[in-house]
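Just so we're clear, the structure is a prediction, and the values are computed from it rather than from any experiment.
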Amino acid sequence: MSTAPNRRAVAVILLIPLMVTLALWAFAWPAARIAPRDLPVGVAGPASAAQQLEQRFEQRDGAFDVHRFDDEAAARTAIEDRTVYGAVVVTPQGPHLLTASAASPVVSQLLREAVTASVPEDTPVRVTDVVAAPPGDPRGSALGASVLPLALAGMAAGAVVTLMGLRGARAAVTLIGAAALVGLAATAVAHSWLGALTGDWWTVAGVLALTVLAIGSAVAGLAALFGSRGIGLGALLMVLLGNPFSGVTSAPELLPEPVGAIGQWLPPGAGGSLLRSVAFFDGSAAGAAVLTLSLWTLFGLAAVLFARRAPAPAEPVEPAREPALTG
């Protein structure tokens, strides 16, 4: 009896626990190790008082990357430009904390706790949310939950194009059309209906479409280069790693190193960062994310258009048997 079915059964038995373990590591480990790591924050005010506050931040070795500003106006500008997540302004009445919940509600809460713990117990801490999260999504939950559907949409587009046997320009046009429609539909839900995103409607739709296109074209390009194994590699990069490494639910600087940096090199993380920039910060600090998404898109479409896989070897055909002669 052939042992091939038995081998396949054993492979499935071993592969499923391995995949579950990998998924738990990718999703649970970064979430369980959230902490500030070179988190950009600002300090403004009189030199002597600001220096003391800066030293308190630096006592937590490697947690904060402190930027000095001359006054509150400069600190506000840095927050709006996404140079820092927040800033502490030293005033005669006590510290004045400037936050941006639109950049990360988790970071805003972390800064409140850090500043409150660094001042005497009876000292009041005034807090101003410079760039607040929209009323439709005050905790950033909808934005954080949007990365996985976008990754799945791009994954599905790339896999379907491959399994349907589309090649060349037809495959590229299909990927672009599917991404454009996803961008429009997702913007209608998140922007028009839920109110979780603000900013220019069409710009947001373009960012969502570019994110899906980068993921879909990358999956289709990997499949064009490596066959069906490329779809599995695309799922590993875009869904299993790209989603939990994106930092959209917290911030890239809160994830363990080098997870935060890796996540920004993948389309889900770059797409999430770009979406924040265009939805809440008028496109500030969007350049790196646009470049990342564009490179993934160009790589995938180039592979779809120009890669030529070698045809699978044909199975040997058994020679036809001559009919037996009857007596």
Side-chain angles (χ1 to χ4, degrees), residues 25-42 57 60-67 78-87 99-114 130-131 133 137 139-151 154 196-197 207-208 210-211 214-215 218 236-281 283-296:
W25 168 80
F27 280 83
W29 173 57
R33 296 293 184 269
I34 286 180
R37 297 171 176 85
D38 290 328
L39 185 72
V41 297
F57 275 118
R60 299 178 61 177
D61 188 26
F64 297 100
D65 178 18
V66 183
H67 298 244
I79 293 173
E80 293 169 351
D81 292 341
R82 301 200 71 185
T83 303
V84 295
Y85 281 91
T99 63
S101 58
S104 172
V106 177
V107 172
S108 297
Q109 183 62 32
L110 185 150
L111 290 178
R112 291 190 185 199
E113 296 172 356
V130 177
V131 185
D137 187 26
R139 297 178 180 83
S141 303
L143 179 61
S146 66
V147 173
L148 181 58
L150 293 177
L197 299 175
V207 169
L208 294 172
L210 179 60
T211 302
I215 297 171
L236 174 66
L237 290 175
M238 304 302 164
V239 179
L240 196 58
L241 297 181
N243 183 58
F245 288 12
S246 67
V248 176
T249 57
S250 55
E253 293 85 357
L254 298 184
L255 300 180
E257 296 179 351
V259 167
I262 294 174
Q264 297 306 299
W265 298 338
L266 297 174
S273 296
L274 181 58
L275 188 58
R276 282 193 191 277
S277 292
V278 302
F280 309 127
F281 295 90
S284 298
V290 170
L291 178 61
T292 299
L293 294 174
S294 300
L295 290 176
W296 278 101

Checking L111 against V41 for the side chain to side chain contact (heavy atoms under 4.5 Å, CB included) test, could you report, in this order, the C-alpha distance in whole Å, the side-chain angles of both residues, the deciding distance, and whether it holds?
CA-CA 9 Å; L111 290 178; V41 297; 3.6 Å; yes
Residues 236-262 vs side-chain hydrogen bond (donor to acceptor under 3.5 Å, both in side chains), sequence neighbours excluded, gives Y85-E253
Pairing residues for [X] by the side-chain hydrogen bond (donor to acceptor under 3.5 Å, both in side chains) criterion, not counting sequence neighbours:
X    : answer
R37  : none
S273 : Q264
S277 : R82

Sequence-distant partners of F280, ring-ring contact (aromatic ring centres under 6.0 Å, His included), two or more places apart: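 Partners of F280 by the ring-ring contact (aromatic ring centres under 6.0 Å, His included) criterion come out as none, since no residue qualifies.
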Worksheet entry | Partners passing ring-ring contact (aromatic ring centres under 6.0 Å, His included) against W265 (at least two apart in sequence or in another chain) |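 With neighbours one apart ignored, the set is empty.
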Kindly write out the residues that satisfy side-chain contact (heavy atoms from CB on, under 4.5 Å) with [X], not counting sequence neighbours, or none if the list is empty.
X    : value
S294 : V290
A218 : M238, W296
R139 : S141
A100 : I79, A103, V131, F281

All heavy atoms of G260 vs all of L255, minimum pair found to be N-CB, 4.0 Å
- Checking side chain to side chain contact (heavy atoms under 4.5 Å, CB included) for the pair V248/L275: CA distance, chi angles, key distance, verdict? CA-CA 10 Å; V248 176; L275 188 58; over 6 Å; no
Original post:
Between CG of L241 and CZ of F27, what distance do you get to the nearest 0.5 Å?
Top reply: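 Output value for this atom pair is 9.0 Å.
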